[in-house]
Amino acid sequence: MSFPTWLPLRENLQGLSPYGAPQIENMTQLNTNENPYPPSPALIAAITDRLSQVALRLNRYPDRDASELRTGLAEFLNGLSGSALNLENIWAANGSNEVIQSLFLAFGSKGAIGFTPSYSMHPTIAKVTGTTWTDGLREEDFSIDIEKAQIQIKNVRPSLIFVTTPNNPTGTSARFQDLVDLAQAAALVGALLVVDEAYAEFSQDPSALKLLNHQPHVVVVRTMSKAFAFAGARVGYLAAHPEVVKAMLIVRLPYHLSAVTQAIALVALEHREESLATVAILIKSREAMVASLKVLGVEVVPSSANFLLFKVPSPKIIWQSLLDQGVLIRDVGLSDYLRVSIGNEAENERFIAALKQSLGGAK
Ligand SMILES: *Cc1c(COP(=O)(O)O)cnc(C)c1O
């Protein structure tokens, strides 16, 4: 994207494009890793009920510190990992993207590194916040060679190190020992290791939450957008040492999280069993889709998330052919791969049928 010269645009924003995953109506939308299952009738009723209470006080600013929500999130994480977190360990914002932006604002002074291919918003938010970004390396199988990573971290000496696990767009998980080693590498150069666990609920692998007790250099970022099936509400959060959270209070905008968001996020937490029940269904569907792709002779990267990265001869042609058949998936800019989110059964069937057609056409 280019801007006219009369516009006094910041130099670091020249040449950047807005985040632009297509949103097309009447499509089988399998391009943004959303949870395909809408809120249950019970959750919808509870949200509606709570909103009528919130509405009575919409003339007032919300709780600036979102204390009740942060306490609820701490309890949720404690239930998962046996940790002993409380609200001082938790920060919440409008999606984990805002959490990540706040991390850059507070801690980006010496630059950041992440291991590509990974979540494209990490380098984008880095650029927007004027943070120098370095691409770390991944191996052919998308794993991280820890020795190489340690050397790169020592050379670059960034203040932020990003690891996404399960990784987007590959679906692969970092080994727990890798996280331990990276946390140590972070501590050694005085950096924070930011573990983006947007898809953790879909994975059997141990979470970096286990590191928080003895590693102040670790920040775990999570979201309600994926497993919680709550992307429309925009709620993300982090768990970290209380000093990290204190810094978040400095960079956040006053009253950043609306009363509406805080209230419905709490309701969603109360109803977590129903929402998270979709995780098991999606994992089963994922395995069924792996099998269907293999039947089509398509190579699939092992995934512990709610999406699959798969190998195709000419991604751009296949992507367009799928779109022409009403199925929207993601071209993640890798030369041999496309990414598909796991949808509901009907969507998954439509995708497989369309892909069969597209592959036939490409031969
Ligand atoms: C989807 C995703 C997010 C979530 O962003 P929200 O702002 O919470 O919706 C964060 N990190 C990664 C790696 C993701 O794939």
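Counting starts at 1 for both ligands and their atoms, following the listed order. On a predicted model such as this, the values are computed, not experimentally measured, just so you know.
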Item to check | Proximal protein residues to ligand 1, non-hydrogen atoms under 4.0 angstrom | outcome: Gly95, Ser96, Asn97, Tyr119, Thr164, Asn168, Asp196, Ala198, Tyr199, Thr223, Ser225, Lys226, Arg234

Checklist outcome for this item: Heavy atoms of Ser118 and Thr164 approach each other most closely as OG-OG1, 3.1 Å

Checklist entry - Within a strict 4.5 Å, meaning less than it, do heavy atoms of the Ile90 and Leu77 side chains meet? => result yes

Item to check | Face-on cation placement of Arg138 at Phe115 ring, 6.0 Å and 45° thresholds | outcome: no

Checklist entry - Are any side-chain N or O atoms of Ser159 and backbone N or O atoms of Phe107, one a donor and one an acceptor, separated by less than 3.5 Å? => result yes

Item to check | Mutual orientation of the aromatic rings belonging to Phe202 and Tyr199 [parallel < 30°, tilted 30-60°, perpendicular > 60°] | outcome: tilted

Item to check | Mutual orientation of the aromatic rings belonging to Trp133 and His122 [parallel < 30°, tilted 30-60°, perpendicular > 60°] | outcome: tilted

